[in-house]
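One structure is given here, and the rest of the page talks about it.
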Amino acid sequence: LLVAAGSAHAGGFYVPEIGTRAAGMSAAVVADPHDPSAIFHNPAGMVDIEGLELELSGTAFLPRLEYFRRPLIDPNTNQELRFDGIKNTNRIAPAAFFGAVHDLGSDKLRAGIAVSVPFGAIIEYPKDGSQRMIVTSVDLKAIHVSPAVAYKINDRIRVGAALNYVFAELKLKQANSSDYVLFDPENFPDPDASSSGDTALSGHDAFSLSATLGAIYV
């Protein structure tokens with residue numbers, strides 16, 4: 001698996017501590033997830049839940065990002081242009097989790113469903129900063145809806161599975177001037193920010209599926 005894995009680079013967030021139990025155990029919860037967040041971490045852990053159990057939790061991210069643009073020479077004036085670092089302006093990004101598990105009146109079988117946001121990004125930059133031609137805002141949502149079942153084979157072995165429906169959407173905004181977009185950008189390395197207009201790029205994946213399989217031996 002390590003050999004097959006590729007590299008990934010992102011400016012967003014990933015939430016390994018979904019659920020209050022995982023947060024309290026610093027995400028070391030896969031072998032012992034006895035609450036509805038087991039649907040995300042290890043569905044086999046649902047077997048130990050009695051009756052109906054609901055869980056609602058959330059994580060708040062405090063993004064602190066800074067963009068740097070290298071100095072360059074303006075071909076029109078032959079002067080060196082230097083740029084200050086630009087920090088993001090938003091200070092919080094939330095991610096929620098809701099899960100429900102029921103024992104179905106059985107001591108061996110459990111069913112549950114969860115809605116989570118394990119991946120995402122909410123980043124805002126000034127519209128007049130040196131980064132404006134690259135990005136002024138990023139909004140990435142990856143919502144998982146996960147029905148799950150778990151079964152107790154015997155007193156030592158539990159197994160579980162969750163099917164994850166994934167909806168993903170990305171919105172990217174820039175502030176581009178006509179000189180920069182329509183002509184050679186090398187000749188207009190830093191156009192007047194007042195002449196810039198918004199450019200919006202977006203895309204979404206409305207239907208993707210993945211699965212989570214788990215087992216516990218005690």
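Along the sequence shown, residues are numbered consecutively beginning with 1.
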Solution key, residues 203-211 side-chain donor-acceptor pairs under 3.5 Å, sequence neighbours excluded:
| residue | atom | partner | partner atom | Å |
| --- | --- | --- | --- | --- |
| Asp205 | OD1 | Phe207 | N | 3.3 |
| Asp205 | OD1 | Ser208 | OG | 3.3 |
| Asp205 | OD2 | Ser208 | OG | 2.4 |
| Ser210 | OG | Asn164 | ND2 | 3.2 |

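The backbone N or O of Pro118 sits nowhere less than 3.5 Å from a side-chain atom of Ser116 that would complete a donor-acceptor pair. Between the side chain of Asn78 and the main chain of Ile73, no donor-acceptor pair closer than 3.5 Å is present. Under a 3.5 Å cut-off, the side chain of Glu186 and the backbone N or O of Pro75 do not form any donor-acceptor pair. Side-chain atoms of Glu55 come within 3.5 Å of backbone N or O of Ser37 as a donor-acceptor pair. Asn42 places no side-chain N or O within donor-acceptor distance of the main-chain N or O of Ile216, the cut-off being under 3.5 Å.
Cluster note: Val159 groups with Leu104, Leu109, Tyr151, Ile153, Ile157, Tyr217 through ILVMFWY side-chain heavy atoms spaced under 4.5 Å, whether in direct contact or through intervening members. Under the 4.5 angstrom side-chain criterion for Ile, Leu, Val, Met, Phe, Trp and Tyr, the cluster partners of Val29 are Met25. Summarising the hydrophobic clusters (Ile, Leu, Val, Met, Phe, Trp, Tyr; side-chain heavy atoms under 4.5 Å, direct or chained), the residues clustered with Ile49 are Ile39, Met46, Val101.
For Asp32, the side-chain hydrogen bond (donor to acceptor under 3.5 Å, both in side chains) partners at least two apart in sequence or on another chain are Arg21, His34. Under the salt bridge (charged side-chain N to carboxylate O under 4.0 Å, His left out) criterion, Asp198 pairs with Lys127, sequence neighbours left out. With sequence neighbours left out, the salt bridge (charged side-chain N to carboxylate O under 4.0 Å, His left out) criterion links Asp35 to no other residue. Not counting sequence neighbours, Arg64 has no partner by the salt bridge (charged side-chain N to carboxylate O under 4.0 Å, His left out) test. Under the ring-ring contact (aromatic ring centres under 6.0 Å, His included) criterion, Phe61 pairs with Phe13, sequence neighbours left out. Applying the ring-ring contact (aromatic ring centres under 6.0 Å, His included) rule to Tyr14 yields the partners Phe119; only residues at least two apart in sequence or on another chain are considered. Listed by chain and number, the residues in a salt bridge (charged side-chain N to carboxylate O under 4.0 Å, His left out) with Asp128 amount to none (sequence neighbours excluded). Under the rule for a ring-ring contact (aromatic ring centres under 6.0 Å, His included), Phe98 has no partner lying at least two apart in sequence or in another chain.
Pro16 approaches Ala27 most closely through the heavy-atom pair O-CB, 3.8 Å. Of all the heavy atoms in Ser202 and Lys171, the pair that sits closest is CB-CG, 4.1 Å. Shortest non-hydrogen contact noted between Asn90 and Ile122 is ND2-O, 2.6 Å. Heavy-atom minimum distance, Phe97 versus Pro36: CZ-O, 3.8 Å. Taking each heavy atom of Ala93 and Pro63 in turn, the nearest pair found is N-CD, 4.2 Å. Here the shortest heavy-atom pairing between Tyr125 and Gln131 reads CB-NE2, 3.3 Å.
Val15 and Val117 are members of different hydrophobic clusters when ILVMFWY side chains are connected at heavy-atom separations under 4.5 Å. Hydrophobic clustering, with ILVMFWY side chains joined whenever heavy atoms are under 4.5 angstrom apart, keeps Ile113 apart from Val149. Hydrophobic cluster membership differs between Phe40 and Leu56, with clusters built from Ile, Leu, Val, Met, Phe, Trp and Tyr side chains linked at under 4.5 angstrom. Residues Val30 and Ile18 do not share a hydrophobic cluster, defined by chaining ILVMFWY side chains whose heavy atoms lie under 4.5 Å apart. Leu65 is not connected to Phe68 by any chain of hydrophobic side-chain contacts under 4.5 Å among Ile, Leu, Val, Met, Phe, Trp and Tyr, and they are in different clusters.
Atoms CZ and CZ, from Arg82 and Arg70 in turn, are 12.0 Å apart once rounded to the nearest 0.5 Å. Put simply, CG on Asp139 and NZ on Lys173 are 9.0 Å apart, with the number rounded to the nearest 0.5 Å. In this structure, CG in Asp190 is found 6.0 Å from CG in Leu81, a value given to the nearest 0.5 Å. One distance of note links CD of Gln174 with CZ of Arg132; it measures 12.0 Å at 0.5 Å rounding. Taken from CG in Asp74 to CD in Gln79, the straight-line distance is 8.0 Å, to the nearest 0.5 Å. Distance CD/Glu53 to CG/Asp103: 10.5 Å, rounded to 0.5 Å.
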query: So Glu124 and Arg91, salt bridge (Lys or Arg N to Asp or Glu O under 4.0 Å) or not? Walk me through it.
result: CA-CA 9 Å; Glu124 299 284 344; Arg91 292 293 176 258; over 6 Å; no
- request: Go through the steps to decide whether Leu170 and Val138 satisfy the test side-chain contact (heavy atoms from CB on, under 4.5 Å), and finish with yes or no.
  value: CA-CA 7 Å; Leu170 171 66; Val138 177; 4.0 Å; yes
message: Go through it in stages, so that I can follow the logic: the residues are His41 and Thr212, the test is side-chain contact (heavy atoms from CB on, under 4.5 Å), and I'd like the CA-CA distance, side-chain angles, deciding distance and then a yes or no.
response: CA-CA 8 Å; His41 298 289; Thr212 304; over 6 Å; no
Steps toward side-chain contact (heavy atoms from CB on, under 4.5 Å) verdict (Asp48, Arg158): CA-CA 9 Å; Asp48 295 313; Arg158 299 146 167 80; 3.2 Å; yes
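In this structure, Ser57 and Glu17 have side chains that are not in contact, with every pair of non-hydrogen atoms separated by 4.5 Å or more. Put simply, the side chain of Val115 reaches to within 4.5 Å of the side chain of Ile143, judged on heavy atoms. No side-chain heavy atom of Arg69 sits under 4.5 Å from any side-chain heavy atom of Ile134. Contact annotation: the side chain of Lys152 never approaches that of Ser106 to less than 4.5 Å [non-hydrogen atoms, C-beta and beyond]. No side-chain heavy atom of Ser130 sits less than 4.5 Å from a side-chain heavy atom of Asp84.
Within a 6.0 Å radius of NZ in Lys108, other residues, nucleotides and ligands contribute more than 12 heavy atoms. Within 6.0 Å of CG in Asp155 there are 12 or fewer heavy atoms belonging to other residues, nucleotides or ligands.
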